[in-house]
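First the proteins, then the strands, lettered A, B, ... as listed; each starts at 1.
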There are 4 protein chains.
Amino acid sequence: MTQGVEKSLIEQGVLVDPQSARGRLLTQAARLFRQKGYQSTTVRDLASAVGILSGSLFHHYQNKEAILKAVMVEGIHHTMARMRSELAEEHTTQGRLRALIACELDALNGDWGDAMAVVINEWRFLSDGGQQDILALREEYEQMWLEILYQARKERLITASPKVLRKLLYGAITWTDKWFDSRGKLSYQELTDTILQLAIKPASDP
Amino acid sequence: MTQGVEKSLIEQGVLVDPQSARGRLLTQAARLFRQKGYQSTTVRDLASAVGILSGSLFHHYQNKEAILKAVMVEGIHHTMARMRSELAEEHTTQGRLRALIACELDALNGDWGDAMAVVINEWRFLSDGGQQDILALREEYEQMWLEILYQARKERLITASPKVLRKLLYGAITWTDKWFDSRGKLSYQELTDTILQLAIKPASDP
Amino acid sequence: MTQGVEKSLIEQGVLVDPQSARGRLLTQAARLFRQKGYQSTTVRDLASAVGILSGSLFHHYQNKEAILKAVMVEGIHHTMARMRSELAEEHTTQGRLRALIACELDALNGDWGDAMAVVINEWRFLSDGGQQDILALREEYEQMWLEILYQARKERLITASPKVLRKLLYGAITWTDKWFDSRGKLSYQELTDTILQLAIKPASDP
Amino acid sequence: MTQGVEKSLIEQGVLVDPQSARGRLLTQAARLFRQKGYQSTTVRDLASAVGILSGSLFHHYQNKEAILKAVMVEGIHHTMARMRSELAEEHTTQGRLRALIACELDALNGDWGDAMAVVINEWRFLSDGGQQDILALREEYEQMWLEILYQARKERLITASPKVLRKLLYGAITWTDKWFDSRGKLSYQELTDTILQLAIKPASDP
DNA sequence: GATGAATGAGACTTCATTCAT
DNA sequence: GATGAATGAAGTCTCATTCAT
């Protein structure tokens, strides 16, 4: 199903076929932007990563910032698609909250991790207009979080303000990008649970 | 007392007198680096912010990166000095943990907030050698956190691994820089308490 | 024949087609470096001499020093090519020695004179690595001189140590760059003969 | 006697007492200019070599070029003084010619060798006016050479034109600066003799 | 005489972007 | 679509020189 949606978005021109020249460019751009930062990545770096010369980039995207924006759009779309499908399988609030955390963690480690890291870390290099556009895209995403957190408060799973808690969790989760190594001692599962424990009160023992 | 220590560090050349030309430069540099980012701040920006010409900067610091590093050193020293004195007044583990959180939050909002924001956000623009030096400075700081978290676990105030918890809290706290406005509805006290609640289990009701 | 060799070296990328943009750049660079010195020639000087802007230079050469090195490589290659062909036509040792002197004098006055003057006078501005590379190129050249001088000593044309004599002649010949004017009273032929007389004993009168 | 002349020149302000601040500055300047070249030696280099700060240099000399010129003036005066006294002890033309060669070789190796190397190699960095002044100083020096060479031709010791020969010898001798090591296998005496042999016909066999 | 902060011009180099081929 | 030479603005840094203290 998700696949079908993506295909349709590709056909609409929102997303890019990852096999195409543009697609390979975005993949490499995401990787380079994450690794070296947006400003330190030159258009020559981008071009040579996909085997063309720098002048040719501008046949695909109007300018360097458009590439940054496209990377972010791709990252957000794919991350949201995944999150929707994962949430659909959880039916308890705690399960759904755990799924959100897991998805957000995963967003930074999975196929589109580079792109999501770019969304987080290179945000400031988007022009004002670009920031507005991306914010609009993210709105639905943040809405999912807030809905579930409001529900969690209603169920007394959490006590903090959902809006504040969301931001604190966002900071904690995105920062894992800087220190968490999925091949290390701490498993991805354990990390997810630890973060979940931050958010919710432990189930009260009878 | 803290003042005395700072004065002595200034005399030793570790810190810089904020009234001096170098001091004003660092203050302005911190502000600009936080506002525009290190790479987007030109040496001309820095110079004109203190009312000199760009060439004159290099009388005070060997190059632009040295200014970045000096900003970070100042920020860390002042933050640590403050933290030491605040901790000295707390005698319960929970109080000490709360003090740590409050200090770290405050580090981003107080006089040296610009400098600390730079430590967090412009880290990658330090050369390898510079990163080593700054890491060494921060070690003592992180040690304070870990000691208190280990003690908190011993006292069953927290359940998570101290190292992991420290990193999660660090992410959550530093991210507040991007959204928390101390003049808004949410007070600084409330935010501190909310974060404390993330870390510790609430006192069990009898 | 020489022409053919040069053409092949151009195709190999060792030499540069003098008609190309790079070629014109090297010609002008040689002229300017000789006239004003390497350090006093700015990249703007170089660029404007070939009718481009300074930034465009760096499409052709990585940096200013690379231009200096390329000038030297060109100069040495062309000088050696010429010397080989001139030597091939002389069959007595004295004739060959005279040809060496004439060629070296000519190297400073002919088409590649600017480049050779740069080899001699701007040597110190090459980095260590660059100096090694150029020295390697010159080795074959110096070997030609030494072989002929050793042969000349065997034939008792000269008495001095070939190595020392070579260096003395090198100094005497290259210094002509500073005073000899081929349009003056002293002809190029006479100068060549005068230098030859320094080196060899005059033919003994019977 | 030479000492007396120098002392008197110092009193007249032509030369500088080597013990004075100015004197030490010139010694260090000569050394640095020879080692690194005039353009690559900064006024800070000069100042720190004599233990002062760069601004203070300008109490002693109006500008950097004045230091270069002073170094050259010192070098030439001392070299000429020495040459005069050496020539006074030789009474054959061949002996006098040998003394000239020896003195010129020695000029590059003795106490004022740095200064003389600067005269030769950094010449171009003198302004036109400065070049005129130094040329005037050298005139007497060159006159000594020419007189002896004219005499040598009259005595059929040499055959070449004195003016041309002088320039060739000048080139050969000054170039020794780049390769001759007085601590090597070739002695200073042997080198002098080898150069003398270049100039003169060997004594004709009866 | 010395200091050292400041000047201000100018150096080399980088880089996103354009465009004729 | 791709090329690659060229642009031109902007960047960091250097350095001889000045001058108030």
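- In this structure, B:Asp45 contributes its side chain and B:Thr41 its backbone to no donor-acceptor pair below 3.5 Å.
- Not counting sequence neighbours, the partners of D:Tyr38 by the ring pair (Phe, Tyr, Trp, His ring centres under 6.0 Å) test are D:Phe33, D:Phe125.
- Residues B:Ala115 and B:Gly75 approach most closely at CB-CA, 3.6 Å, considering heavy atoms.
- Atom-to-atom, CG of B:Leu68 to P of F:dC13 comes out at 12 Å; the value is rounded to the nearest Å.
- The separation of F:dT21 from E:dG1, taken at their C1' atoms, amounts to 13 Å, rounded to a whole angstrom.
- For C:His60 and F:dA6, the shortest distance from a side-chain N or O to OP1 or OP2 is below 4.0 Å.
- The interatomic distance linking B:Leu53 (CG) with E:dG10 (C1') rounds to 14 Å, in whole Å.
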Starting at the 5' end of nucleotides 13-21 of chain E, put B wherever the base has a protein heavy atom under 4.0 Å, S where only the sugar-phosphate does, and a dash everywhere else. BBBBBB---
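- Counting only residues at least two apart or in different chains, side-chain hydrogen bond (donor to acceptor under 3.5 Å, both in side chains) contacts with residues 55-66 of chain D comprise D:Glu65-D:Ser127.
- Protein atom CZ of D:Arg24 is 13 Å distant from nucleotide atom C1' of E:dG1, rounded to whole Å.
- With contacts defined as side-chain heavy-atom distances shorter than 4.5 Å, the pair D:Leu46/D:Gln28 does not qualify.
- Contacts between residues 123-132 of chain B and DNA chain F, defined by a heavy-atom separation below 4.0 Å, involve no residue at all.
- Atom CG of B:Leu57 is separated from atom C1' of E:dA5 by 12 Å (rounded to the nearest Å).
- Proximity of B:Val118 to B:Met72: side-chain heavy atoms (C-beta onward) are separated by under 4.5 Å at one or more points.
- The distance from atom CG of D:Leu32 to atom P of F:dA16 is 12 Å, rounded to the nearest whole Å.
- With a 4.5 Å cut-off on side-chain heavy atoms, B:Pro18 and B:Arg24 do not count as touching.
- Comparing F:dT7, F:dA2, E:dA6 by their nearest atom to the side chain of B:Ala21 picks out E:dA6.
- Per the geometry, CD1 belonging to B:Ile67 stands 15 Å off P belonging to F:dG11, to the nearest Å.
- Inter-residue side-chain proximity for B:Leu126 and B:Lys69 is flagged as met; some heavy-atom pair is nearer than 4.5 Å.
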Intra- and interstrand pairs of DNA chain F - dot-bracket, Watson-Crick/G-U under 3.5 Å, | marks other strand: .||||||||||||||||||||
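- In this structure a side-chain-to-backbone donor-acceptor pair under 3.5 Å is missing from C:His77 to C:Val73.
- Listed by chain and number, the residues in a salt bridge (Lys or Arg N to Asp or Glu O under 4.0 Å) with A:Arg34 are A:Asp114, A:Asp177 (sequence neighbours excluded).
- For the pair A:Ala49 and A:Arg31, the tightest heavy-atom approach, listed with the atom from each and the gap, is CB-NH2, 4.2 Å.
- Whole-Å rounding puts the D:Lys36 NZ to F:dT14 P distance at 13 Å.
- Contact annotation for D:Ile52: backbone-only contact, meaning every heavy-atom pair under 4.0 Å involves sugar-phosphate atoms and none involves a base.
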